[in-house]
Amino acid sequence: MEIIIAEKIEKIYQDNGVPVTALKDVDIIVNKGEFLVLAGRSGSGKTTLLNLFGALDNPTKGEIKFEKYHLAKMNKKELSELRLNKMGFIFQAYNLIPVLTAIENIEFSMMLLGIPEKTRRERALSLMKELEIDQLADKRPGEMSGGQQQRVSVARAIVNNPTVVLADEPTANLDSKTASNLLDLMQKMNEEKKITFIFATHDKQIMERAKRLVYLEDGRIKQD
Amino acid sequence: MLLKLAWRNIWRNRRRSLIVFISIVIGAISILFLEGITNAFLNQMLFNQISLSTSHIQIHKNGFRDNKVIQNFVPSPDVVETILSTQSGVKAFSKRGITFGLLSSAENSSGIYLTGIEHNREGQISKVKSTIIDGHYLTGEKGEILLGKKLAEKLNVNIGDKVVGMANELDGSIGSDVFRLVGIFETENSEFDKTNIFINLNQFQSMLKIPGQVHEFAIVLNDHKSADEINEQIKNKLNNKAYEVLTYAELLPLLILQIDLSKESMFVVYFIVGLALIFGIINSMLMSVFERINELGILLAIGMKTTKIFGMILLESLLLGLFGTLIGSAVGGILITVLSDTGINLSLFADSLNSYGIGAILYPSVSYSELIGVLVTIPIVSIVGAIYPAVKAIKLQPVEAIRYI
């Protein structure tokens with residue numbers, strides 16, 4: 001089942017008034033349940049493509065369809081709702097909300113969906129147990145290691161049962177053992193919960209585990 | 001959770017939030033204190049005027065207020081007295097004879113405002129009795145006279161000394177009498193003390209050959225707020241255009257206007273304090289937003305709607321404003337409560353204050369409505385101050401915000 005269809009995507013940035021082509025003629029289809037890695041060197045366009053999939057940015061040309069939604073035709077509010085309901089995000093720098101505890105960070109996106117406090121607390125705790133991070137529930141990001149923070153951010157990304165999780169260099173700040181543990185966890189979620197994962201990375205560990213590897217070079221798909 | 005998040009965000013940068021918090025506290029205290037002092041001035045001016053001579057309601061012959069000549073006495077004082085005796089809400093009333101005249105001692109003379117009073121009733125109307133600093137109040141004996149301290153000094157007379165009072169009679173001839181000074185009063189109003197003298201009403205009437213006639217009924221009510229209502233009732237009962245029945249607000253229009261203007265001018269104070277606070281809040285909230293650009297980008301990315309982000313920034317500012325105002329109002333309230341009991345001693349400026357009819361000790365006070373005004377205004381100012389930073393926050397593009405270093 002196709003969840004993302006990107007056709008003839010072009011993205012041109014303005015860098016101090018100079019146009020820079022980040023993506024050119026990119027066509028790609030992402031299917032449900034994939035464990036897809038967008039790989040390539042820095043500047044190859046993988047993060048740009050990931051951001052376009054996540055409706056965080058707009059293409060200069062071309063069209064992206066997410067399930068039945070044409071992203072270009074949606075307004076800011078609709079895109080917010082789409083991200084909230086259908087997508088989960090994992091960032092390189094974890095980006096948890098520093099003033100909230102681990103469990104509150106996980107609950108936050110449920111709160112945005114209007115889920116009652118008791119339900120979201122139960123669901124967050126249950127997920128934390130499943131990811132073996134329940135002992136971190138009352139810790140704030142500043143009191144956790146990088147690996148712990150990234151596990152919490154995985155929990156935050158999947159707690160609303162998204163269609164797809166978009167992960168931008170999720171292991172870049174982790175040592176190899178911690179990164180491996182984290183990838184085990186995400187693979188488990190992919191296999192058990194059938195959550196689609198799309199990574200933008202140049203981490204070999206992730207590439208080795210990919211079910212599908214898309215290699216970008218100079219803004220074009222070189223190999224799929 | 002949004003409330004929890006907003007509250008915790010406030011205390012991320014404690015020093016900055018504390019500076020804004022303290023400025024709000026000081027702002028609230030300043031407004032309350034200024035309101036308290038203004039009220040102290042105005043209330044004392046009004047209270048002194050009412051309690052020295054004006055009373056809450058006065059009844060005269062129609063036209064007396066504009067033309068205080070001896071001929072303008074109350075048409076039927078017995079009828080008025082009967083009505084007032086049965087009128088509810090009236091605490092006390094007293095008859096007065098009033099005219100202008102001249103008072104002379106062996107050394108000097110001075111133009112005066114001569115009032116004949118009922119010595120046994122006037123004490124409930126006017127506080128002159130309680131301001132006697134030498135001698136005693138009128139007892140009803142023939143020849144008694146009360147002078148203000150300033151006038152006694154001018155005439156160079158002491159208790160027991162003789163003075164001669166003169167005023168026009170009905171036919172224009174001069175009526176005069178000899179009085180012996182029995183009491184010297186000193187009020188907070190130096191102008192009042194320079195010109196007002198008091199004698200017994202029956203001697204006033206005999207000196208000016210107007211037996212049984214009076215010029216004024218001075219009425220004190222149980223509650224001054226019912227003045228308009230009781231005034232109307234008395235008018236209806238008299239049902240005669242020969243009388244003028246006036247409340248203190250009608251008798252002291254300039255003072256009432258001054259009070260109204262002063263209250264309205266408090267808006268200027270609100271505006272100035274509000275303006276200062278707004279810029280402080282804008283600055284603080286803008287810094288807070290710029291420090292969190294990355295985080296705001298994440299919130300946008302995970303699906304937080306811009307309206308919620310906008311609300312969160314406003315909520316942070318509102319919480320700061322609300323707690324600052326509550327603390328400021330509590331401190332200001334306690335300060336004013338203490339000072340309303342002990343008073344603020346301004347003896348250094350006693351002379352100038354007395355010329356305005358104000359005592360040297362001020363008793364600040366604020367009403368509940370003024371307190372509520374502060375409690376509502378400053379939090380609103382806090383919200384207004386956060387609008388611009390909140391607009392900045394929601395205009396962020398998620399991708400650019402997440403990348404922002």
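Every chain is numbered from 1 and lettered A, B, ... according to where its sequence line falls, protein lines coming before strand lines.
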Check the surroundings of atom [atom1] in [X]: do more than 12 heavy atoms from other residues, nucleotides or ligands lie under 6.0 Å from it?
X      : atom1 : result
A:R41  : CZ    : no
A:D218 : CG    : no
A:K32  : NZ    : yes
B:E291 : CD    : yes
B:Y388 : OH    : no
A:Y13  : OH    : yes

Is it the backbone or the side chain of [X] that comes under 4.5 Å from a heavy atom of chain B, or both, or neither?
X      : answer
A:F91  : side chain
A:P98  : both
A:E104 : both
A:N51  : side chain

Is any side-chain heavy atom of [X] less than 4.5 Å from a side-chain heavy atom of [Y]?
X      : Y      : value
A:V99  : B:W11  : no
A:R156 : B:I298 : yes
B:E295 : A:N95  : no

Residue selection (most heavy-atom pairs with chain A, distance under 4.5 Å) from B:T307, B:L300, B:L2: B:L300
Closest non-hydrogen atom pair, A:L56 against B:P398: CD2-CB, 3.8 Å
Residue pair B:K308 / A:L112: nearest heavy atoms and the distance that separates them: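 Result for this residue pair: CD-CD2, 3.9 Å.
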Under-4.0 Å salt bridge between B:K305 and A:E78: no
Among A:T47, A:L96, A:T48, A:L100, residue most engaged with chain B (heavy-atom pairs, under 4.5 Å): A:L100
Working for side-chain contact (heavy atoms from CB on, under 4.5 Å), residues A:M111 and B:M304: CA-CA 10 Å; A:M111 184 274 289; B:M304 191 168 182; 5.7 Å; no
Nearest-0.5 Å distance, CD1 of residue B:I394 to NZ of residue A:K76: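 It comes to 6.5 Å.
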Gap between atom CG of A:D57 and atom CD of B:E400 - 0.5 Å precision: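 These two atoms lie 7.5 Å from each other.
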A:R83 side chain to B:I302 backbone, donor-acceptor under 3.5 Å: no
